[in-house]
> 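Provided herewith is a single structure, encoded as structure tokens, for subsequent inquiry.
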Amino acid sequence: MSQTVDRALSILPLLAEGPADLGQVADRLGVHKSTALRLLRTLHEHGFVYRQSDQRYRLGARLIALAQEAMENLDVREIAHPHLVRLNERCGHTVHLAVHEEDEVLYIDKVESRYPVRMYSRIGKPVAITVAAVAKLLLADLPEPERRAVAEKLDYPLYTPRSTPNAEAFLAELAKVREQGWATDLGGHEESINCVAAPIRGADGRVVAAMSVSAPNVVVTADELLTLLPLVRRTADAISGEYSGRTPAKEASS
């Protein structure tokens with residue numbers, strides 16, 4: 001029975017590459033055509049594969065619907081939270097999780113710093129979208145036309161002398177972030193607060209959320225905070241792996 005299940009499941013990644021006929025399926029599995037046909041018929045009955053008019057098979061709508069339903073029911077906050085807590089326990093600084101919803105980037109989780117100086121950010125509150133490191137990561141992942149459209153309709157408040165001044169500068173920063181795969185806010189929103197951030201990606205490689213570590217200058221300097229970037233990126237990668245189903249739940253390595 002386990003061999004039958006294994007063979008049936010092996011058909012799905014083959015068909016994900018494109019439609020295949022009975023002979024191709026049998027060859028890939030290393031079985032007789034009659035065996036491959038039985039497996040395909042069972043998958044067809046459940047809607048996991050579909051037989052086209054040219055007698056080739058492709059993935060069925062039922063499988064795609066199940067995948068979509070599973071993705072919609074994934075709660076990135078629930079998956080990420082234990083990782084954020086462990087990161088906070090290791091570094092002691094404020095840890096945020098944010099997502100892009102419509103025209104805003106919102107914090108959806110926060111683990112407070114162990115230090116007396118606290119940040120005023122709140123779960124559910126929009127971030128300063130033109131300067132926040134998490135916002136840069138989320139917007140940098142958009143296709144170029146969407147990035148430009150978003151950048152051109154934003155206002156650019158000068159919170160500090162380091163704030164992003166205009167759309168051209170913002171687009172240049174997003175291009176840099178997209179290439180390097182991480183982002184910072186070094187005094188762009190509040191002169192005394194620095195932040196490093198990394199993306200959380202879904203199974204398709206797209207950025208679904210961003211996480212960050214933030215700290216005031218009175219606790220650590222910007223250079224000291226940047227030394228945490230490898231740990232932040234490993235944590236984000238661990239969340240990405242668990243969220244996308246590539247890896248089981250585990251703690252970020254040291």
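The structure displayed is predicted, hence computed values, not measured ones.
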> With rounding to the nearest 0.5 angstrom, report the CD1 to CD distance, I108 to E78.
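I108 CD1 to E78 CD: 11.5 Å, rounded to 0.5 Å.
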> Minimum heavy-atom separation for S214 and I193, please, with both atom names.
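Closest pair (atom of S214, atom of I193, distance): CB-CG2, 4.5 Å.
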> Keeping Y50 on the side-chain end and R62 on the backbone end, is there a donor-acceptor pair under 3.5 Å?
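Judged by distance alone, no pair lies under 3.5 Å.
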> Evaluate E104 against E101 for side-chain contact (heavy atoms from CB on, under 4.5 Å), listing each step before the verdict.
CA-CA 5 Å; E104 295 181 321; E101 291 188 358; 5.8 Å; no
> Could you see if V49 belongs to whatever hydrophobic cluster contains V31? Use Ile, Leu, Val, Met, Phe, Trp, Tyr and a side-chain cutoff under 4.5 Å.
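In one cluster: yes.
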> Is there a side-chain contact between V213 and C91, using heavy atoms and a 4.5 Å cut-off?
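The answer is yes; the side chains approach within 4.5 Å.
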> Give the minimum heavy-atom separation between K33 and L22, together with the two atoms involved.
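Answer, listing the atom of K33 first, then L22: O-CD1, 3.7 Å.
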> Could you tell me whether a side-chain N or O of K136 sits under 3.5 Å from a main-chain N or O of V177, the two making a donor and an acceptor?
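No; judged by distance alone, with no hydrogens or angles, the pair does not exist.
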> Donor-acceptor pair, distance only, cut-off 3.5 Å: does the side chain of E224 make one with the backbone of T221?
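Flag set: sc E224 to bb T221 pair under 3.5 Å.
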> Is there a donor-acceptor contact under 3.5 Å from the side chain of R233 to the main chain of A198?
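Here the side-chain-to-backbone pair does not exist.
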> Please name the residue in the list T184, N217, D185 that meets the side chain to side chain donor-acceptor pair (under 3.5 Å) test with N194.
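Running side chain to side chain donor-acceptor pair (under 3.5 Å) over T184, N217, D185 with N194 returns exactly one hit, N217.
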> Got a second to check how far K176's NZ is from E173's CD, nearest 0.5 Å?
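The CD atom of E173 is 5.5 Å from NZ of K176, to the nearest 0.5 Å.
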> Taking atom CD as the centre, does Q52 end up with more than 12 heavy-atom neighbours from other residues, nucleotides or ligands that are less than 6.0 angstrom away?
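More than 12 heavy atoms, drawn from other residues, nucleotides or ligands, come within 6.0 Å of this atom.
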> Side-chain contact, heavy-atom cut-off 4.5 Å: M211 with T235?
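Of all side-chain heavy-atom pairs linking T235 with M211, at least one is under 4.5 Å.
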> To the nearest 0.5 Å, how far apart are NE2 in H93 and CG in L228?
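Between atom NE2 of H93 and atom CG of L228 there are 5.5 Å.
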> Please step through side-chain hydrogen bond (donor to acceptor under 3.5 Å, both in side chains) for the pair E168 and N166, ending with a clear verdict.
CA-CA 6 Å; E168 182 179 355; N166 52 51; 5.6 Å; no
> S113 side chain to G92 main-chain N or O, any donor-acceptor pair under 3.5 Å?
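The answer is yes, because a donor-acceptor pair under 3.5 Å joins these two groups.
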> Any side-chain heavy-atom pair from R28 and E17 closer than 4.5 angstrom?
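Answer yes - side chains close enough.
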> With side chains defined as the heavy atoms from C-beta onward, is the minimum distance between I79 and V76 less than 4.5 Å?
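Sidechains of V76 and I79: no contact.
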> S121 and H96: which non-hydrogen atoms are nearest, and at how many Å?
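Nearest pair, atom of S121 first, then H96: OG-NE2, 2.5 Å.
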> Count I, L, V, M, F, W, Y as connected when their side-chain heavy atoms are under 4.5 Å apart, and connections chain through other members. Are V232 and Y115 then in the same cluster?
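Yes, one cluster joins them.
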> Using 30° and 60° as the class limits, which term best fits the ring planes of Y159 and H189: parallel, tilted or perpendicular?
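Taking H189 first and then Y159, their aromatic rings stand perpendicular (interplane angle over 60°).
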> Please give me the minimum heavy-atom distance between I129 and D103, naming the atom from each residue.
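Scanning both residues, the minimum pair turns out to be CD1-O, 3.9 Å.
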> Do the side chains of E45 and R41 get close enough for a salt bridge, i.e. N-O under 4.0 angstrom?
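Judged by the 4.0 Å cut-off on N to carboxylate O distance, E45 and R41 do not form a salt bridge.
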> Between R206 and D204, does any NZ, NE, NH1 or NH2 come within less than 4.0 Å of an OD or OE carboxylate oxygen?
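No, this pair does not count.
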> Treat each ILVMFWY residue as a node, draw an edge where side-chain heavy atoms are under 4.5 Å apart, and state whether L231 and V220 are in one component.
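Linked, L231 and V220 end up in one cluster.
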> In the structure I gave you, are the side-chain heavy atoms of T160 and S163 within less than 4.5 Å of one another anywhere?
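Contact flag for T160/S163 side chains = yes.
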> Judged by atom type as modelled, is there a donor-acceptor pair below 3.5 Å linking the side chain of R162 to the main-chain atoms of G187?
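It does not hold such a pair.
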> Is it the case that atom CD in Q55 sees more than 12 heavy atoms from other parts of the structure closer than 6.0 Å?
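Enclosed.
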> Between Q24 (side chain) and D21 (backbone), is there a donor-acceptor pair under 3.5 Å?
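Yes: the side chain of Q24 pairs with the backbone of D21.
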> For residues P13 and L9, report the shortest heavy-atom separation together with the two atoms involved.
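Closest approach of P13 to L9, heavy atoms only: CD-O, 3.0 Å.
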> Following the transitive rule for hydrophobic clusters with a side-chain heavy-atom cut-off under 4.5 Å over Ile, Leu, Val, Met, Phe, Trp and Tyr, establish whether L174 and L138 coincide in one cluster.
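They do share one cluster, since a chain of ILVMFWY contacts under 4.5 Å joins L174 to L138.
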> Are L14 and L12 co-members of a hydrophobic cluster defined by side-chain heavy atoms under 4.5 Å apart?
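Hydrophobic grouping puts L12 with L14.
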> Strictly distance-based, threshold 3.5 Å: is any side-chain N or O of N88 a donor or acceptor partner for the main-chain N or O of E112?
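Yes, the answer is positive, given that a donor and an acceptor are paired below the 3.5 Å cut-off.
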> Determine whether a donor-acceptor pair (N or O, by modelled atom type, separation under 3.5 Å) exists between the side chain of R201 and the backbone of S240.
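Absent.
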> Report the distance from atom CZ of F48 to atom CG of L40, rounding to the nearest 0.5 Å.
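The CZ atom of F48 sits 13.5 Å away from the CG atom of L40.
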> Could you check if a side-chain atom of Y57 sits within less than 4.5 angstrom of a side-chain atom of L15, using non-hydrogen atoms only?
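In contact.
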> Can you tell me how far CZ of R51 sits from CG of L43, rounded to the nearest 0.5 angstrom?
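Here the interatomic distance stands at 13.5 Å.
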> Strictly distance-based, threshold 3.5 Å: is any side-chain N or O of H32 a donor or acceptor partner for the main-chain N or O of S34?
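Between the backbone of S34 and the side chain of H32 there is a qualifying donor-acceptor contact (under 3.5 Å).
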> Of all heavy-atom pairs between L29 and R7, which one has the smallest distance, and what is that distance?
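Distance-wise, the nearest heavy atoms are CD2-O, 3.6 Å.
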> Once you round to the nearest 0.5 Å, how far does CG of L154 lie from CZ of F170?
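Between atom CG of L154 and atom CZ of F170 there are 6.0 Å.
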> Would you indicate whether the side-chain heavy atoms of D109 and I123 approach each other to under 4.5 Å?
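Result yes, sub-4.5 Å side-chain heavy-atom pair found.
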